[in-house]
Asker: 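Just passing along the structure, written as structure tokens.
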Amino acid sequence: MVAAALTIGGRAVGGAARTPVEDPAVAQVFAYAPACSAGQLDEAVDAAAGAAAAWAALPLPRRRELLRQCGKALAVRAEEVAELVTREQGKPLRAALAEVRLSADWFTRTADLVIAPEEPVADPAAPRSAGRSPSIPRCG
């Protein structure tokens, strides 16, 4: 039986509880997924905010290379991940494998996107876009 851990701030952490993962094809529990506490959720959100800032500080060529590495790592384990998707969702293996391969390809295609740099608006009275808020709301 598989028992997974949470990943918070790049480290494996035991959950406050665990949730059974059932294979819908046979109606049997085959794994347990960790369930986080409200405090662990806050810690994960804080860690993600820090990771986003660190990611944004990386030079674009390095971010592109890391995305490509993620795609390659997923592609190498596509069959293994597809089998897990099938077990936890009941999705046909062929469809799960196509989904995982598409996900792996997404990393490469995203790495290759050409994005024009954003230019700040000099006029403070100009309309502002409804983009992302600099604050991250708390959950729980």
Side-chain angles (χ1 to χ4, degrees):
M1 184 98 26
V2 176
L6 299 166
T7 302
I8 300 176
R11 44 182 222 295
V13 178
R18 60 186 200 157
T19 303
V21 181
E22 185 176 285
D23 181 335
V26 294
Q28 290 182 344
V29 173
F30 73 93
Y32 288 92
C36 69
S37 66
Q40 287 174 316
L41 180 58
D42 286 342
E43 187 181 349
V45 169
D46 290 342
W55 175 261
L58 290 174
L60 182 58
R62 179 67 179 139
R63 290 192 311 246
R64 290 181 191 278
E65 180 54 32
L66 289 169
L67 286 170
R68 288 186 190 98
Q69 288 176 17
C70 287
K72 287 176 187 173
L74 184 55
V76 165
R77 297 180 72 176
E79 288 80 12
E80 177 186 350
V81 174
E83 288 175 12
L84 180 60
V85 169
T86 294
R87 287 192 78 189
E88 68 183 12
Q89 295 179 10
K91 185 176 287 198
L93 183 58
R94 183 182 209 164
L97 186 55
E99 180 179 332
V100 173
R101 287 180 175 156
L102 181 65
S103 298
D105 187 55
W106 176 90
F107 284 101
T108 300
R109 292 184 183 273
T110 299
D112 293 339
L113 285 176
V114 176
I115 302 171
E118 293 182 4
E119 296 294 328
V121 176
D123 179 5
R128 299 179 77 179
S129 67
R132 290 177 282 166
S133 170
S135 63
I136 298 174
R138 296 283 180 167
C139 299

Asker: Of the non-hydrogen atoms in Ile8 and Ala47, which two are nearest, and what is the gap between them?
Answerer: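 Smallest interatomic distance, heavy atoms only, reads CG2-CB, 4.5 Å.
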
Asker: May I ask you to test the Glu80-Glu83 pair for a side-chain heavy-atom distance under 4.5 Å?
Answerer: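 A side-chain contact is absent here, since even the closest heavy-atom pair is not under 4.5 Å.
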
Asker: To the nearest 0.5 Å, what is the distance between CG on Leu102 and CG on Leu97?
Answerer: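 Leu102 CG to Leu97 CG: 11.0 Å, rounded to 0.5 Å.
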
Asker: Could you tell me which non-hydrogen atom of Ala104 sits nearest to which non-hydrogen atom of Ala75, and how far apart they are?
Answerer: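 For Ala104 versus Ala75, the nearest heavy atoms are CB-N, 3.8 Å.
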
Asker: To check you understand the geometry: which heavy-atom pair defines the closest contact between Gln40 and Val13, and what is its length?
Answerer: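 Looks like NE2-CG1, 3.6 Å.
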
Asker: Please report the shortest heavy-atom distance between Pro20 and Val29, naming the atom on each side.
Answerer: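 Looking at all heavy atoms of both residues, the shortest contact is CB-CG2, 3.8 Å.
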
Asker: Rounded to the nearest 0.5 Å, what separation is found between the CG atom of Leu113 and the OG1 atom of Thr108?
Answerer: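 With rounding to 0.5 Å, CG (Leu113) is 11.0 Å from OG1 (Thr108).
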
Asker: What pair of heavy atoms forms the shortest contact from Arg101 to Ala78, and how long is it?
Answerer: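 Nearest pair, atom of Arg101 first, then Ala78: CG-CB, 4.4 Å.
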
Asker: Under the 4.5 Å side-chain heavy-atom rule for ILVMFWY, direct or indirect, which residues accompany Leu67?
Answerer: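 Cluster partners of Leu67: Trp55, Leu58, Leu66, Leu74, Val81, Val85, Val100, Trp106, Phe107.
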
Asker: Please examine the side chains of Arg68 and Asp112, heavy atoms only from C-beta on, and report whether any two atoms are closer than 4.5 Å.
Answerer: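 In short, these two side chains touch, coming nearer than 4.5 Å.
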
Asker: What are the two closest non-hydrogen atoms of Phe30 and Asp23, and how far apart are they?
Answerer: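 Where Phe30 meets Asp23 most closely, the heavy atoms are CD2-N, 3.6 Å.
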
